[in-house]
Structure formats: C-alpha cells, structure tokens
Asks: 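Below is a structure I'd like to ask you about.
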Amino acid sequence: MARWSYPRPLSSEITPRSAWLSRRRFVAAVTSATVGGLAGHAQADALRTRPGPFQAKETPTSLADVTHYNNFYEFGMDKSDPSTYSAAFRPRPWTVTVDGLVSRPRVWDIDDLMAAMPIEERLYRMRCVEAWSMVIPWDGFPLATLLRQAEPLGNARYVAFESVLRPEQMPGQRTGLDSLQWPYVEGLRLDEAMHPLTLLAVGLYGQTLPTQNGAPIRLVVPWKYGFKGIKSIVRIRLVEKMPPTTWNRMNAAEYGFFANVNPDVDHPRWSQASERIIGAGGFFGGGRKKTLMFNGYGEQVAGLYDNMNLRTSY
Ligand SMILES: Nc1nc2c(c(=O)[nH]1)N[C@H]1C(S)=C(S)[C@@H](COP(=O)(O)O)O[C@H]1N2
Ligand SMILES: [Mo]
C-alpha cells in the first residue's frame, strides 16, 4: 500500500471535540469557507441540522479518531489507509439512483437530495464486527423518508445498496482484494430499512461527510455490525429476493446477512462478548465494555426479529 502517493492530511486539519462543541453554537452563521477542510479533506462544509431522536448517552468519540480509524477497503486495508488515500476522491458531482420495485424511480442529484431531506443530528453507538466501538454524531435523514417518496411496490421485500465503482480514485479497487468483488454491496430487509433508526448519513460532527467516512452519503444501522453501513452509495434498489452482500459473499460462515450485534454469538475467530472503546483508556483495562444485544437498541428493534433464531440467522 505504501506505493500509493496520496498526500497525508496535516494534523492541523484535525479538529478536537472541544473546538467542535464551541463551533456548534454558531455553526449556522459561519460560512463554508471558514470551516472547509476541518476533518479529512477539502469538501467539508457546515451542515444545517436539527437535533433528532435517538441520542446515545455516551461521550462521542473524538473527531480525530472518527476520521482516522476507519474501515473502507476501497482505500486500503489498514485503519489509517482511508484518511491517507482518500484525498483524491471527489464526491461531486454525484447521483443516487433509487429504483427497482417502486412506483416512482428517481435519479437524485446529491445536492437536491440533501436539500429535500430534513437533516437531523443523531448520536449513535457504532459496533464493528472486529470488536471495537465508537460513538458518532451523524447528520442524516431516515432511509424511510427517501423510500416512501419512491413508493415501494407490494412485492418489494429487501433493499439492495451499491457503493461507487471508481478504481481511478480508489486505490483498493486496483489491488488484489479480488475476493471482495467490487463494488461493495449491502442489503436490508424492507422492515429494517423502514425502521426510524436506520439513517442515511450525509455528515458527521455538523459538517459534510469526510471522504474516509463514506462521502457523500452512507448507510448507518446502529444495531448491526459496522460492515452493514455501506459507504459512498450510488444505488438503492428495491428487490424481491435477499440480495448478495459483500462480506457474506466472501465468507458466509463468518459474516451473515443480518449481522445484528449479538454478544452471545461469537465470530468464529474471536469473542463478541465485549468491545474495545476507541480512544478510551488504551489497551490495559478502562477502554473495554460488555457488548449489549442489538448494540443497546433492543427496545427499539428486537420486535423485528420475534420469529427468528438469531443463532442460526446471524
Ligand atoms: N463501501 C464500503 N463501505 C463500508 C466499508 C468498506 O470497506 N467499503 N467498511 C464497512 C465497515 S467494516 C465498517 S466498520 C464501517 C466503518 O465506518 P467508519 O470508517 O465511518 O467508522 O464502514 C462499512 N462500510
Ligand atoms: Mo467493520
């Protein structure tokens, strides 16, 4: 990976949480020129958001960790690769196609989409399948709002998502990660997709999404392992059959379609009973906690799985 020669972001571009908190008080008044380039890369602009429901109680992970400890294999396999190698990625112009089993298919320009949707800020816990976690203030809108506009047909049962395929800007798509079969794809059952917790994020910490976090638009499903949160989405398709998903296709024994956070069902190679909290307390003690069923969102989502055996449907 070292042969890629993208510029590294300067540490001066990284804003600590304290600066974010004070900035939030006047964020509506500042121009994008003032806040441009805060986290990650050039496209960051202030977003107009309003506080949404579902606020986690935990302290948010620092903006530096949220933007420098990432999984985004299109930009490499190490946690630092996405922030390093995504600088040349251009999330404009961009369209998101909503089609398949709907009455009103549409190709949305991303800016029209962001203007049409009410953007809320929601502090969500995120749990990666690799047994670490963060708490991230996402800015986005419910996926349900977009799907309702498309008017799903009666035979639509699942939603299939597709990431952008752009090897000229995504070095990981040019290397030997063949088994992933680009583009990255993901899916949800329609009732999961319509759940009010399921978010399409267009920003975090009050600014447009940094490239390494999935600019310009990505999925966030907080009761599922992080790999369900597909980044840089170009297509959302309503379908009848359960769609293929990237990690399940690569290794079905290790990564299921549902991928609900579940401390009682271990990954074949490690325990899911606890998680390392990124940015808290280092490796010795302090920075771990017990993992909660559905990542702590059981009250909201357990009913979706009443008739399912979550040991076999993992
Ligand atoms: N297109 C795409 N989306 C992706 C991934 C990826 O490699 N490619 N990685 C997933 C995984 S494994 C995780 S944990 C989250 C990480 O999101 P973050 O870097 O914003 O924390 O993105 C998910 N979405
Ligand atoms: Mo992950």
Side-chain angles (χ1 to χ4, degrees), residues 1 39-41 60-86 89 91 94 96 123-140 160-167 169-173 175 177 179-188 199-205 207-236 244-251 254-256 259-261 267 269-270 272 275-279 291 295:
M1 302 270 168
H41 307 305
T61 306
S62 75
L63 181 58
D65 282 334
V66 170
T67 56
H68 291 80
Y69 192 90
N70 301 101
N71 273 339
F72 200 167
Y73 280 70
E74 286 87 333
F75 295 110
M77 296 176 72
D78 292 341
K79 297 289 177 279
S80 60
D81 283 340
S83 61
T84 306
Y85 298 114
S86 68
F89 186 75
W94 194 277
V96 180
L123 189 62
Y124 277 176
R125 294 180 285 274
M126 183 181 91
R127 171 62 156 77
C128 182
V129 73
E130 296 167 279
W132 49 265
S133 67
M134 295 193 193
V135 179
I136 303 177
W138 297 110
D139 299 295
F161 304 85
E162 198 178 299
S163 291
V164 72
L165 183 66
R166 214 184 259 184
Q169 288 181 13
M170 298 179 127
Q173 292 181 339
T175 69
L177 296 171
S179 52
L180 283 190
Q181 296 178 48
W182 308 112
Y184 196 99
V185 291
E186 257 303 337
L188 294 172
L199 203 67
L200 281 173
V202 293
L204 55 82
Y205 270 107
Q207 60 185 56
T208 51
L209 267 188
T211 49
Q212 59 268 44
N213 295 93
I217 185 165
R218 61 89 57 83
L219 183 69
V220 181
V221 194
W223 72 93
K224 294 177 178 284
Y225 291 121
F227 66 85
K228 298 296 287 184
I230 182 173
K231 296 177 168 181
S232 303
I233 296 168
V234 294
R235 190 173 195 190
I236 299 173
T245 66
T246 287
W247 289 97
N248 179 255
R249 187 165 62 187
M250 197 189 76
N251 189 338
E254 298 194 357
Y255 309 98
N260 293 316
V261 175
H267 186 279
R269 290 180 282 134
W270 58 79
Q272 297 291 22
E275 65 206 55
R276 183 165 61 92
I277 303 170
I278 299 302
T291 291
N295 203 24

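Values reported hereafter were calculated over all heavy atoms of this structure, with side chains retained and with hydrogens, waters and symmetry mates removed. Numbering of ligands and ligand atoms starts at 1, following listing order. The shown structure was predicted, so the numbers you read here are calculated from the model rather than taken from an experiment.
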Asks: Is Tyr184 touching ligand 1 with its side chain, its backbone, both, or neither, if touching means heavy atoms under 4.0 Å apart?
Replies: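 Within the 4.0 Å criterion, Tyr184 contacts ligand 1 through side-chain atoms alone.
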
Asks: With sequence neighbours excluded, give me every salt bridge (Lys or Arg N to Asp or Glu O under 4.0 Å) pair touching residues 220-230.
Replies: Glu186-Lys228, Glu192-Lys224

Asks: List the closest protein heavy-atom neighbour of atom 7 (O) of ligand 1: residue, atom name, distance to the nearest 0.1 Å.
Replies: Tyr73 N, 2.7 Å

Asks: Short list, please: which atoms of ligand 1 are under 4.0 Å from a heavy atom of Ser163?
Replies: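 Here the atoms of ligand 1 in question are 1 (N).
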
Asks: Quick check against the 3.5 Å criterion: does Asn295 have a side-chain atom that pairs as donor or acceptor with the backbone of Pro222?
Replies: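 Looks like yes, one N/O pair under 3.5 Å.
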
Asks: Checking contacts here: is it the side chain or the backbone of Glu74 that comes within 4.0 Å of ligand 1, counting heavy atoms only? Could be both or neither.
Replies: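 The answer is the side chain of Glu74.
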
Asks: Please report whether the ring centroid of Trp132 lies less than 6.0 Å from that of Tyr69.
Replies: yes

Asks: Against ligand 1, does Arg218 come closer than 4.0 Å with any heavy atom?
Replies: yes

Asks: Starting from atom 15 (C) of ligand 1, what is the nearest protein heavy atom, named by residue and atom, and what distance separates them?
Replies: Gly226 O, 3.5 Å

Asks: Among all the protein's non-hydrogen atoms, which is closest to atom 9 (N) of ligand 1, and how far away is it?
Replies: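 Here the nearest protein heavy atom works out to Asn71 O, 3.2 Å.
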
Asks: Checking Arg276 against Ser133: is there a side-chain donor and acceptor pair closer than 3.5 Å?
Replies: no

Asks: For the backbone of Leu180 and the side chain of Trp247, can you confirm whether one donor and one acceptor N or O come within less than 3.5 Å of each other?
Replies: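 Side chain of Trp247 to backbone of Leu180: no pair is present.
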
Asks: Have a look at Trp182, Phe227, Trp138 and point out the one with the heavy atom closest to atom 11 (C) of ligand 1.
Replies: Phe227

Asks: Between the side chains of Asn71 and Glu130, is a donor N or O closer than 3.5 angstrom to an acceptor N or O?
Replies: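 The answer is yes; a qualifying pair exists.
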
Asks: Tell me whether ligand 1 is touched by Gly229 - counting only heavy atoms on the residue side and a distance under 4.0 Å.
Replies: yes

Asks: Which heavy atom of the protein is the closest neighbour of atom 18 (P) of ligand 1, given with residue, atom name and distance?
Replies: Lys231 NZ, 3.4 Å

Asks: Cut-off 3.5 Å, side chains only: do Glu275 and Thr291 have a donor facing an acceptor?
Replies: yes

Asks: What protein heavy atom is closest to atom 14 (S) of ligand 1, reported as residue, atom name and distance in Å?
Replies: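 Nearest neighbour among protein heavy atoms for atom 14 (S) of ligand 1, to 0.1 Å: Cys128 SG, 3.6 Å.
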
Asks: For ligand 1, is Met126 a contact, meaning one of its heavy atoms is under 4.0 Å away?
Replies: yes

Asks: Just by distance, do the side chain of Ser86 and the backbone of Thr211 share a donor-acceptor pair under 3.5 Å?
Replies: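 No: the side chain of Ser86 does not pair with the backbone of Thr211.
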
